[in-house]
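What follows is a short report on a single structure.
Please read all numbers here as calculations on a predicted model, not as lab measurements. Proteins come first, then strands; the chains are lettered A, B, ... in the order of their sequence lines, and each starts at number 1.
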There are 2 protein chains.
Amino acid sequence: MDRIKLPNTPSIRRMPTYLHKLIKLRDEGEVFVSTTLVAEYMNLDPIIVRKDFALTGLPGMPGVGYKTGELINAIRHFLGWDRECSACLVGGGSLGSALLGYEEFTDYGMRIVALFDSDPDKIGRFVHGHEIFDVRRMKKMVRLLKPDFAILCVPSSCAQMVADELVASGVKAFWNFANVCLQMPDGIVVQREVIAGGFALLSAKMLKGKGAAKGALNGVADCD
Amino acid sequence: MDRIKLPNTPSIRRMPTYLHKLIKLRDEGEVFVSTTLVAEYMNLDPIIVRKDFALTGLPGMPGVGYKTGELINAIRHFLGWDRECSACLVGGGSLGSALLGYEEFTDYGMRIVALFDSDPDKIGRFVHGHEIFDVRRMKKMVRLLKPDFAILCVPSSCAQMVADELVASGVKAFWNFANVCLQMPDGIVVQREVIAGGFALLSAKMLKGKGAAKGALNGVADCD
DNA sequence: TAGATTGTTAATCGATTAACAATC
DNA sequence: TAGATTGTTAATCGATTAACAATC
């Protein structure tokens, strides 16, 4: 019931984008990188980037920037992505497949160690090199494999049930893509992805855009 | 280059979750709903929910709550989801399929009017009832269909190119799932989804969890 | 009336932004 | 030295939280 809150949430959300861009820059031979450059790419104020980089504890070089390679490592360490971490994925539908095909996760130290589904047509098939196991084998396999967390890509109607089963099997953290808020005991970590949340923001931006166009006639820059 | 910022971003992000839960409650016959109930479900402070509901302009009834149906409509209106809105989707891979299969979007007034891909194996096939068209027909079709926005589910390496083409065809807004920050002219709305951002938060929560466990021995509830 | 809930106003907290000295 | 950038400290802004009167 305790609502522990995580500090620097916006900064943490930005980290993977920094990381991805930095890796690309490093691969292109950039030994140094400045917050100016990164900020321009992400359309952020440079000081935001500087503060975010400061969170990793890595000092930069005034007048020059940061050593690209060191910064990459610092961000990885900050996120705990410098250690291997294992996950099991429940739900082999298109969203599950998309996540399995997302190659960046390997860079982030995440390894999917088991994939489950309840659909007899899917069981035994392979998705991106991962065999789909019968969800009825989940409890036993999870107890054995002890994944660090579980990814839920199941229909919302059975997400709670699946999560309960996984908790009973020792899973302590969830990345939940189902459209429900899981009711979990204390100490269980849940990160829920609300795909429609992004659409809501897009819609609000579009509404605001239309409003601004009207407002512009009156010289009003912002509306809301 | 103007960095217009959207107010109430966190509230807007929560709206679809409220909406989904409220629709469920209404379908179960709940005529009234209180912020207490919704807050408990989402593990939020009730006052957060109250403030969010207030944004829609709908008054509640002290001692009772809100009329479920009216609240649903108010949220829909607040987000602009009470009007039909059309989109084209580029990229018929597993992520694109997942989005096409996401039934809630229909409730939100969003209609996908065209689906494009460059893969000859995919062109002509159907995904969730939508035919995949050759991306080479995109420009002409988009000019004709005039979708309100485009959804990008293409590899990051070609996202910028596809977006540029769409802008040239009159598209004014993007929901970008590719792992790049699009460089767009002023007046173009972009909402980027960073799937790894959620994973970063999950990782940070797990790290904090471990830290707290250690800290707990010293009676320290929070760490960092 | 008692209990529950809304709505409003003020207080707190944390993230963003500004300013500027220090450094390469 | 001049230009660019970092790092730090303070100011601002906005979201969350607290307190409580008003209402059903």
Practice task
Just call it for A:Ile47: base, sugar-phosphate, or nothing, with non-hydrogen atoms closer than 4.0 Å on any strand.
Solution key: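 Base contact.
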Practice task
Could you check whether B:Tyr66 gets within reach of a base, just the sugar-phosphate, or nothing at all, counting any heavy atom under 4.0 Å?
Solution key: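 Touches sugar-phosphate only.
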Handout entry: Beyond-backbone contact of B:Phe149 with A:Met206, side-chain heavy atoms, under 4.5 angstrom
Key =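 The answer is yes; the side chains approach within 4.5 Å.
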Exercise for the section: Mark yes when over 12 heavy atoms from residues, nucleotides or ligands other than A:Glu103 sit less than 6.0 Å from its CD; otherwise mark no. Expected result: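 No.
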Exercise for the section: Would you tell me if any nitrogen or oxygen in the side chain of A:Asn8 comes within less than 4.0 Å of OP1 or OP2 on C:dG14? Expected result: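 No, no such contact exists.
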Which nucleotide in [options] has an atom nearest any side-chain atom of [X]:
| X | options | value |
| --- | --- | --- |
| B:Arg50 | D:dG7, C:dT6, C:dT17 | C:dT6 |
| A:Pro10 | C:dA15, C:dT6, C:dT17 | C:dA15 |
| A:Val64 | C:dA19, C:dC24, D:dT17 | C:dC24 |
| B:Pro62 | C:dG7, C:dT5, D:dT6 | C:dT5 |
| B:Thr35 | D:dT6, C:dT6, C:dT17 | C:dT6 |
| A:Lys5 | C:dT5, C:dG14, D:dA18 | C:dG14 |

Handout entry: Identified pairing partner of C:dA10, criterion: Watson-Crick or G-U wobble below 3.5 Å
Key =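 Result: D:dT17.
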Exercise for the section: Write down the partner of C:dA22 under the Watson-Crick or G-U wobble criteria, each distance required to be under 3.5 Å. Expected result: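 Looking at the geometry, C:dA22 pairs with D:dT5.
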Could you tell me the separation between the [atom1] atom of [X] and the [atom2] atom of [N], rounded to a whole number of Å?
| X | N | atom1 | atom2 | answer |
| --- | --- | --- | --- | --- |
| B:Arg13 | D:dT16 | CZ | P | 13 Å |
| A:Asp52 | C:dT17 | CG | P | 11 Å |
| A:Ile48 | C:dA18 | CD1 | C1' | 12 Å |
| A:Asp45 | D:dG7 | CG | P | 16 Å |
| B:Leu55 | C:dG7 | CG | C1' | 13 Å |
| B:Met61 | D:dA22 | CE | C1' | 15 Å |
| A:Leu6 | D:dA15 | CG | C1' | 17 Å |

Practice task
Run the salt-bridge test on B:Lys24 and B:Glu28 with the 4.0 Å N-O cut-off and return the result as yes or no.
Solution key: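 Yes, B:Lys24 and B:Glu28 are salt-bridged.
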Problem - Atom of B:Thr56, atom of B:Met15 and distance for their closest heavy-atom approach - result: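 Minimum heavy-atom separation between B:Thr56 and B:Met15: CG2-CE, 4.2 Å.
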Practice task
Report yes or no: is there a donor-acceptor pair, N or O only, under 3.5 Å between the side chain of A:Lys51 and the base of D:dT9?
Solution key: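 Yes, the side chain and the base share a sub-3.5 Å donor-acceptor pair.
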Practice task
Report the residue from B:Trp175, B:Tyr108, B:Trp81 that forms a side chain to side chain donor-acceptor pair (under 3.5 Å) with A:Ser203.
Solution key: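 Going through the options one by one, the only one that passes is B:Trp81.
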Problem - Validation row, ring centre B:Tyr66 to ring centre B:Phe53 under 6.0 Å - result: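 When the ring centroids of B:Tyr66 and B:Phe53 are compared, they turn out to be within the sub-6.0 Å range.
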Problem - B:Gly60 or A:Arg14, whichever maps to the more 5' nucleotide of DNA chain C - result: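 Its nearest nucleotide being more 5', the pick is B:Gly60.
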Problem - Upstream residue (5' side of DNA chain C) when A:Ser11 and B:Ala54 are each assigned their closest nucleotide - result: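 Closest to the 5' end, via its nearest nucleotide, is B:Ala54.
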